[in-house]
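Keep in mind that this is a model prediction, so the values were computed, not measured. In what follows, chains are A, B, ... by sequence order, proteins preceding strands, each numbered from 1. Atom set for the values below is all heavy atoms of this structure, side chains included, hydrogens, waters and symmetry mates excluded.
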Protein chains: 2
Amino acid sequence: MNKPQRKKAGKKDLILLKAAAMFREKGFAATSMRDLAEAVGIEAASLYNHIRSKNEILETICFDVANRFHTHIEEIDSNHDHAIKKVETLLRFHIKQMIENFEEVHVADREWRHLEEPYLSNMQAQRRNYRKRIAAIIQDGINKKQIANIDASTSVLIMLHAISGIESWHRSKAKISAEELENNMIRLLIDGLRNSDNK
Amino acid sequence: MNKPQRKKAGKKDLILLKAAAMFREKGFAATSMRDLAEAVGIEAASLYNHIRSKNEILETICFDVANRFHTHIEEIDSNHDHAIKKVETLLRFHIKQMIENFEEVHVADREWRHLEEPYLSNMQAQRRNYRKRIAAIIQDGINKKQIANIDASTSVLIMLHAISGIESWHRSKAKISAEELENNMIRLLIDGLRNSDNK
DNA sequence: CCTACCGATCGGTAGG
DNA sequence: CCTACCGATCGGTAGG
């Protein structure tokens, strides 16, 4: 073999991947650049040829994930489905993301508080906005009598946090399958939204 | 009592209180003993006249909270209520704890991974066991046809994580009242458990 | 990508 | 409860 195959921007991606895994496992603050370097297989100083700072890694992870969710909710908002269908689509996307891109999604959700300004305020605003959009979808469904008369913000709180609980599914030994988990979650979370007359 | 509201070991309690608040806000790893000392109003070195180490503070918080929940589920397990009533009692207790003792309950729930051995394994086992007991209550209800035929472990996952989402209620500005929040959560979380014939 | 190293800060101790 | 200070480790840089 002449040269090991070059992944496009491979080393930086590897750093981000390992960082996500370690930030999830130990938390951002408790992960040192030396730990990370060891996982990547280089010296700590060499990390800085690929990234500018520890915080930049967190910024990349958090905003990548946020953009993905933002793009998805834009799509949902622009279609004309039944409100329950919209919520279901949103939840299935969240669940899939949490299962398939577990490390980075979980880090974005739990460690964003360690961002520095101005990123911290930016992310805070994005998160607030995102929740408001989901609440608006639900409230719209309530107004159109498509959804039971519940408190929209409580519902959003429950749904989003329940989904972040998939973390403990990942950790559990006697796992049900990802598909079963998704369908069980959808059933339990969507059921409370239905009007008694279309249950 | 002869003296009005005299805290006994007052300084240590104050340290634990401030520590819980700071661990919640910034995380265990990102909170320094110097930060904590400043919040308490003494020098960092003086903290060690009241506590043995930073980790001991976390241990105290985590095991205090765990014991509280353990005691409560023992009570529930020893009564003979309808399964749905048992779950509701449990959920209301969790919600109240999360509202009234927010800082320490939230720290116990999020920061226990920073415990050192043997406390880490101990806490891990306690948590696993606690979830199993809740799942058993639900499964028992399913077997007795008191609860719909759902996946018990998914239900536990959703319920417990939804409740830890009360954190974002604390942070929100336009809050609904604590009582409303509790009742909304109970409604949304319990509804999915009911059999269609007693809905 | 490495060796060598920086100043800052960490948790914690000695001694009063 | 304080001053003074410890060794360890942190994120990051210089220079090759």
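- Distance NZ (B:K12) to C1' (D:dC1): 17 Å, rounded to an integer number of Å.
- Regarding B:E59, its CD atom lies at a distance of 15 Å from the P atom of C:dG11, rounded to whole Å.
- A:N122 has its side chain out of reach of A:R127: every pair of non-hydrogen atoms, C-beta onward, lies at least 4.5 Å apart.
- Ring centroids of A:H94 and A:Y130 are separated by less than 6.0 Å, placing the two rings close together.
- Side-chain atoms of A:S46 do not come within 3.5 Å of backbone N or O of A:I42 as any donor-acceptor pair.
- Residues forming a salt bridge (charged side-chain N to carboxylate O under 4.0 Å, His left out) with B:E180 (at least two apart in sequence, or on another chain): none.
- With hydrogens and angles left out, the side-chain atoms of B:Q139 and B:N143 include a donor and acceptor closer than 3.5 Å.
- Ring-centre distance between B:H114 and B:F23: not below the 6.0 Å cut-off.
- Helical stems in DNA chain C, defined as runs of 3 or more consecutive Watson-Crick or G-U wobble pairs with donor-acceptor distances under 3.5 Å: C:1-16 with D:1-16.
- For DNA chain D, the residues of residues 44-56 of chain B within the heavy-atom distance limit of 4.0 Å (strictly under) are B:A45, B:S46, B:N49, B:H50, sorted by number.
- Listed by chain and residue number, B:E88, B:E182 satisfy the salt bridge (charged side-chain N to carboxylate O under 4.0 Å, His left out) test with B:R92 (two or more places apart in sequence, or in another chain).
- Across residues 30-43 of chain B, B:T31, B:S32, B:M33, B:R34 each have a non-hydrogen atom less than 4.0 Å from an atom of DNA chain C (numbered order).
- Side-chain N/O atoms of A:S121 and A:E117 include a donor and acceptor closer than 3.5 Å.
- Remark: the B:D151 side chain and the B:S153 side chain contain an N/O donor-acceptor pair separated by less than 3.5 Å.
- Evaluation of the side-chain contact (heavy atoms from CB on, under 4.5 Å) rule for B:F102 yields B:R24, B:M98, B:H106, B:E167, B:H170 as partners, not counting sequence neighbours.
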